[in-house]
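What you see below is based on every heavy atom in this structure, not just the backbone, and it leaves out hydrogens, waters and symmetry mates. Remember, predicted model here, so these are calculated numbers, not experimental data.
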Amino acid sequence: MNASRKHAVPRAGGFTYVELMITLAIMAVLALVALPTAQLMRARAREHELRSNLIEIREAIDAYKRAADQGRIQLQVGDSGYPKRLQDLVDSVKDQQSVEGRRLYFLRRVPRDPMDLDASSDPAQSWGKRAYKSPPNDPQQGDDVYDVYSRSTQVGLNGVPYRQW
């Protein structure tokens with residue numbers, strides 16, 4: 001055997017301090033890149049939910065109005081044919097054309113505005129509401145619910161304020 005190999009000290013397995021620091025630096029850079037991407041994906045998911053909820057509510061409002069125009073919902077003189085409140089879309093109304101006394105439903109539940117961060121509030125109260133007689137550029141509540149909008153003051157990823165979606 002070689003004399004120099006005979007007295008060699010075996011190297012212990014493990015990482016040196018420099019290797020550990022390089023690994024931590026690489027992990028930090030990866031985390032800094034991943035964080036904005038995760039925030040962007042979360043914002044996109046909330047925007048998708050907002051868009052879906054607006055479509056769902058607006059389609060239910062339109063279905064209610066069609067039913068009223070067809071004489072299936074009893075209206076009072078002067079009523080616009082739109083629901084008085086969002087909860088009317090969930091609560092049933094008697095179908096005036098049904099001999100059996102069937103009831104009409106338009107929503108299973110009122111979805112929450114995902115931009116409203118107060119989870120304790122009633123979902124119907126999370127939305128801004130526009131009455132039929134309200135001007136489109138200045139939505140105001142009134143005797144009925146013609147449209148809904150987000151009350152958020154934030155701007156979407158597309159540059160359009162959520163209120164205008």
To the nearest 0.5 Å, what is the distance between OG on Ser150 and CZ on Arg46? 9.0 Å
Determine whether a donor-acceptor pair (N or O, by modelled atom type, separation under 3.5 Å) exists between the side chain of Arg112 and the backbone of Asn53. no
What closest approach, in Å, do Val145 and Val148 show between heavy atoms, and which atom pair accounts for it? CG1-CG1, 4.1 Å
Using every non-hydrogen atom in the two residues, find where Arg163 and Ser152 come nearest and quote the distance to one decimal. CG-O, 3.2 Å
Counting neighbours of CZ on Arg44 that are heavy atoms of other residues, nucleotides or ligands and sit closer than 6.0 Å, is the number greater than 12? no
From Arg72, Gln70, Arg102, Gln74, residue fulfilling side chain to side chain donor-acceptor pair (under 3.5 Å) relative to Asp95: Arg72
Could you tell me whether Lys133 atom NZ has more than 12 heavy atoms of other residues or ligands within 6.0 Å of it? no
Would you say the side-chain atoms of Gln164 pair up with the backbone N or O of Pro161, donor to acceptor, closer than 3.5 Å? no
State the NZ-CG distance between Lys65 and Asp144, to the nearest 0.5 angstrom. 9.0 Å
Backbone N/O of Pro123 and side chain of Ser126: donor-acceptor pair under 3.5 Å: yes
Carefully, step by step, assess Glu59 and Asp62 under the rule side chain to side chain contact (heavy atoms under 4.5 Å, CB included). CA-CA 5 Å; Glu59 285 178 351; Asp62 291 344; 5.6 Å; no
Check this for me, if you would: do Arg85 and Asp88 make a salt bridge, where the nitrogen-to-carboxylate-oxygen distance has to be below 4.0 angstrom? yes
Taking all non-hydrogen atoms of both residues into account, name the closest pair between Leu89 and Ile57 and its distance. CD1-O, 4.4 Å
Can you give me the closest heavy-atom contact between Lys129 and Ala124, atom names plus distance? NZ-O, 2.8 Å
Donor-acceptor pair, Glu47 side chain versus Leu157 backbone, under 3.5 Å? yes
Interatomic spacing from CG in Asp116 to CH2 in Trp127 - rounded to 0.5 Å: 9.5 Å
Could you give the distance from CG (Asp147) to OH (Tyr82), rounded to the nearest 0.5 Å? 9.5 Å
Answer whether the closest heavy-atom distance between the side chains of His48 and Pro114 falls below 4.5 Å. no
Near Asp143 CG, under 6.0 Å, is it more than 12 heavy atoms from other residues, nucleotides or ligands? no
Gly81 and Ala68 have their tightest heavy-atom pair at O-CB, 3.5 Å
Spatial distance of atom OG (Ser98) from atom CZ (Arg103) [nearest 0.5 Å]: 10.5 Å
More than 12 non-hydrogen atoms from neighbouring residues, nucleotides or ligands closer than 6.0 Å to OH on Tyr132, yes or no? no
Any chain of hydrophobic side-chain contacts (each under 4.5 Å) joining Tyr149 to Leu107? no
Reported OH-to-CG distance for the pair Tyr162 and Leu50, which is rounded to 0.5 angstrom: 7.5 Å
Asp138 side chain vs Pro135 backbone, donor-acceptor pair below 3.5 Å: no
Only one of Phe106, Tyr105, Tyr146 passes ring pair (Phe, Tyr, Trp, His ring centres under 6.0 Å) with Tyr64, and that residue is Phe106
Between Val29 and Met21, is there a shared hydrophobic cluster once you connect ILVMFWY residues whose side-chain heavy atoms come closer than 4.5 Å? no
